[in-house]
Amino acid sequence: MAETAALPAGFGELEVLAVGTVLLVEALSGLSLNGLTIFSFCKTPELRTPNHLLLLSLAVADSGISLNALIAAISSLLRRWPYGSDGCQAHGFQGFVTALSSICGSAAIAWGRYHHYCTRSQLAWNTAIPLVLFVWLSSTFWAALPLLGWGHYDYEPLGTCCTLDYSRGDRNFISFLFTMAFFNFFVPLFITLTSYRLMEQKLARSGHLQVNTTLPVRLLLLGWGPYALLYIFAAIMDVSSLSPKLRMVPALVAKMMPTINAINYALRGEMFSGGIWQCLSPQRSKQDRAQ
């Protein structure tokens, strides 16, 4: 990418500024909320459970997405990518690892909740730790493949952030896309949908349905569905027929997910929100322990 500050093709001055500002807001809110979740887990002994380890893994992944968005925001406000082609590959790899870990981490949480509510047995550490390791190792494996030649990382239409290159539409991209999407989007989506559906059926009969069983699936579709649709369109049609502005929409939507996930999984959870409140109010925490 050239080191010039010329505007990217298809974007005006205000549009580049708007994208950079949106990315910056998404990055800072995601880093703040997920950082608070991670800090609460580390500082509150009551939160150090196998089930909450799955939430911690998701918060780490979403923090990575937000960090990726922060780099993209800075580059967008500079109106250029200052880190060279190697930096683009690293940015694309890091973003892909954390995105896949977030998607698969959401599925792991769904399975963990199914295990907790439907089997009435606590998730064990010797199950939670291998599950988290599998999520991260699997995501790293799939994200590394474009660096090895199956798939490719390249610039987004704005030219200030990097992702999986969908502009080629060749056999290499198509074969990688459908294989990767099956294992890292459709399988996690199926696990999430099935886990919450079984929870709903079991708990509805007992009258103790306390979990929103449809929201997590909707969030996965909302956050990552636009990217899935864009990639599928690129596999069967000429993606250049879409305007550069429209092709930037999935990136902006996806980088909103860290904030949404933090609100849905951590801040709306009674135990986690209590732990966060303890971290923010250390004097109150001491009083509670004294009582």
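Position 1 is the first residue of the sequence, and the numbers go up from there.
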Trainee: Between Ser102 (side chain only) and Thr98 (backbone N and O only), is there a donor and an acceptor less than 3.5 Å apart?
Mentor: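 No.
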
Trainee: Less than 4.5 Å apart, any side-chain heavy atom of Pro146 and any of Leu164?
Mentor: yes

Trainee: side-chain contact (heavy atoms from CB on, under 4.5 Å) for Ile103 and Leu189? Distances and angles first, verdict last.
Mentor: CA-CA 8 Å; Ile103 295 171; Leu189 185 63; over 6 Å; no

Trainee: Does any part of the side chain of Asp154, heavy atoms only, come nearer than 4.5 Å to the side chain of Cys162, both counted from C-beta?
Mentor: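 In short, these two side chains do not touch, never coming nearer than 4.5 Å.
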
Trainee: Hey, does the side chain of Asp62 reach the backbone of Ala262 with a donor-acceptor pair shorter than 3.5 angstrom?
Mentor: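 Side chain of Asp62 to backbone of Ala262: no pair is present.
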
Trainee: Over all heavy atoms of both residues, which pair between Lys255 and Ala69 is shortest? Give the atoms and the distance, please.
Mentor: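 Scanning both residues, the minimum pair turns out to be CD-CB, 3.5 Å.
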
Trainee: Would you find more than 12 non-hydrogen atoms of other residues, nucleotides or ligands less than 6.0 Å from Tyr227 atom OH?
Mentor: yes

Trainee: Given the rule in the side-chain contact (heavy atoms from CB on, under 4.5 Å) test, do Phe96 and Thr163 qualify, once you have shown the distances and angles that lead to the verdict?
Mentor: CA-CA 7 Å; Phe96 213 39; Thr163 187; 5.5 Å; no

Trainee: Could you check whether the rings of Trp81 and Tyr83 sit parallel, tilted or perpendicular, using 30° and 60° as the cut-offs?
Mentor: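 Answer is perpendicular, since the angle exceeds 60°.
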
Trainee: Is Phe134 reachable from Ile191 through a run of I, L, V, M, F, W or Y residues, each pair having side-chain heavy atoms under 4.5 Å apart?
Mentor: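 Different clusters: Ile191 never reaches Phe134 through Ile, Leu, Val, Met, Phe, Trp or Tyr contacts under 4.5 Å.
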
Trainee: Would you say Phe178 and Leu229 are hydrophobically clustered, going by side-chain heavy atoms of ILVMFWY under 4.5 Å?
Mentor: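 Not linked; separate clusters.
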
Trainee: Is the shortest side-chain heavy-atom distance between Leu33 and Ile263 below 4.5 Å?
Mentor: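 Yes; the side chains approach each other to less than 4.5 Å.
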
Trainee: Ignoring hydrogens, what is the shortest heavy-atom contact between Thr37 and Ala266? Give both atom names and the distance.
Mentor: OG1-CB, 3.5 Å

Trainee: Between Asn264 and Ile260 (side chain of the first, backbone of the second, donor and acceptor by atom type, cut-off under 3.5 Å), is there such a pair?
Mentor: no

Trainee: Count I, L, V, M, F, W, Y as connected when their side-chain heavy atoms are under 4.5 Å apart, and connections chain through other members. Are Leu242 and Val249 then in the same cluster?
Mentor: yes

Trainee: So Asn184 and Cys104, do their side chains get closer than 4.5 Å, heavy atoms only?
Mentor: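 SC-SC contact between Cys104 and Asn184 confirmed.
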
Trainee: Check for me, please, whether Ile129 and Ile38 land in the same ILVMFWY cluster - side-chain distances under 4.5 Å, paths through other members count.
Mentor: yes

Trainee: Start with the C-alpha distance between Ser240 and Asp238, add both sets of side-chain angles, then the distance that settles side-chain hydrogen bond (donor to acceptor under 3.5 Å, both in side chains), and finish with yes or no.
Mentor: CA-CA 5 Å; Ser240 63; Asp238 181 10; 2.7 Å; yes

Trainee: Report yes if some heavy atom in the side chain of Trp125 is under 4.5 Å from a heavy atom in the side chain of Leu53; otherwise report no.
Mentor: yes

Trainee: Under a 4.5 Å side-chain heavy-atom rule over Ile, Leu, Val, Met, Phe, Trp and Tyr, are Phe190 and Phe185 clustered together?
Mentor: no

Trainee: Show the nearest heavy-atom pair for residues Thr192 and Ala107, with the distance to one decimal.
Mentor: OG1-CA, 3.3 Å

Trainee: Step by step, would you call Trp142 with Phe183 a ring-ring contact (aromatic ring centres under 6.0 Å, His included)?
Mentor: CA-CA 9 Å; Trp142 285 101; Phe183 288 106; 5.7 Å; yes

Trainee: Which is it for Leu58 and Ser106 under the side-chain contact (heavy atoms from CB on, under 4.5 Å) test, yes or no, and what are the steps along the way?
Mentor: CA-CA 7 Å; Leu58 178 65; Ser106 298; 3.9 Å; yes

Trainee: Please name the pair of heavy atoms, one in Met257 and one in Gly223, separated by the smallest distance, quoted to 0.1 Å.
Mentor: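 Closest heavy-atom pair between Met257 and Gly223: SD-CA, 3.4 Å.
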
Trainee: Look only at the side chain of Arg48 and the backbone of Cys42, and say whether a donor-acceptor pair between them is shorter than 3.5 Å.
Mentor: yes

Trainee: Can you confirm whether Asn51 sits close enough to Leu55 that some side-chain heavy atom of one is under 4.5 Å from a side-chain heavy atom of the other?
Mentor: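 A side-chain contact under 4.5 Å is absent here.
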
Trainee: Using modelled atom types only, decide if a donor and an acceptor are shared between the side chain of Asn68 and the backbone of His91 within a distance under 3.5 Å.
Mentor: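 Flag set: sc Asn68 to bb His91 pair under 3.5 Å.
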
Trainee: Look up atom CZ in Phe141 and atom CG in Leu148, then write down how far apart they are to the nearest 0.5 Å.
Mentor: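 Taking CZ in Phe141 and CG in Leu148, the distance rounds to 9.0 Å.
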
Trainee: What pairs with Phe176 under ring-ring contact (aromatic ring centres under 6.0 Å, His included), at least two apart in sequence or on another chain?
Mentor: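 Per chain and number, Phe176 pairs via ring-ring contact (aromatic ring centres under 6.0 Å, His included) with Trp150.
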
Trainee: Looking at Glu13 and Arg79, is any side-chain nitrogen of the basic one under 4.0 Å from a carboxylate oxygen of the acidic one?
Mentor: yes

Trainee: Once you round to the nearest 0.5 Å, how far does SG of Cys88 lie from OH of Tyr155?
Mentor: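 The OH atom of Tyr155 is 4.5 Å from SG of Cys88, to the nearest 0.5 Å.
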
Trainee: His52 and side-chain contact (heavy atoms from CB on, under 4.5 Å): which partner among Thr49, Leu54, Leu56?
Mentor: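 Option passing the side-chain contact (heavy atoms from CB on, under 4.5 Å) with His52: Thr49.
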
Trainee: What is the distance from atom CG of Leu177 to atom CD1 of Ile232, rounded to the nearest 0.5 Å?
Mentor: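 CD1 of Ile232 is found 7.0 Å from CG of Leu177.
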
Trainee: Do Trp111 and His115 come close enough that some side-chain heavy atom pair is under 4.5 Å?
Mentor: yes

Trainee: With rounding to the nearest 0.5 angstrom, report the CG to OG1 distance, Leu31 to Thr259.
Mentor: 8.5 Å

Trainee: Counting N and O atoms only, with roles assigned by atom type, does the side chain of Ser175 sit under 3.5 Å from a partner on the main chain of Asn172, one being a donor and the other an acceptor?
Mentor: yes

Trainee: Report yes if some heavy atom in the side chain of Leu230 is under 4.5 Å from a heavy atom in the side chain of Leu246; otherwise report no.
Mentor: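 In short, these two side chains do not touch, never coming nearer than 4.5 Å.
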
Trainee: side-chain contact (heavy atoms from CB on, under 4.5 Å) for Tyr153 and Leu147? Distances and angles first, verdict last.
Mentor: CA-CA 8 Å; Tyr153 293 121; Leu147 298 177; 3.8 Å; yes

Trainee: To the nearest 0.5 Å, tell me how far Cys161 SG sits from Leu70 CG.
Mentor: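 Cys161 atom SG to Leu70 atom CG measures 12.5 Å (nearest 0.5 Å).
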
Trainee: Can you give me the closest heavy-atom contact between Met248 and Glu156, atom names plus distance?
Mentor: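 For Met248 and Glu156, the tightest heavy-atom pair comes out as SD-CB, 3.8 Å.
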
Trainee: Return the minimal non-hydrogen interatomic distance between Glu26 and Ser66, and the atom names on each side.
Mentor: O-OG, 4.2 Å

Trainee: Between NE2 of His152 and CZ of Arg168, what distance do you get to the nearest 0.5 Å?
Mentor: 4.5 Å

Trainee: Taking atom CG of Leu14 as the centre, report whether more than 12 heavy atoms of other residues, nucleotides or ligands fall under 6.0 Å from it.
Mentor: no

Trainee: Testing Leu23, Val22, Thr21 for side-chain contact (heavy atoms from CB on, under 4.5 Å) with Ser76, which one passes?
Mentor: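 Only match with Ser76 under side-chain contact (heavy atoms from CB on, under 4.5 Å): Leu23.
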
Trainee: Is Gln94 reaching over with its side chain to a backbone N or O of Gly64, donor-acceptor style, under 3.5 angstrom?
Mentor: yes

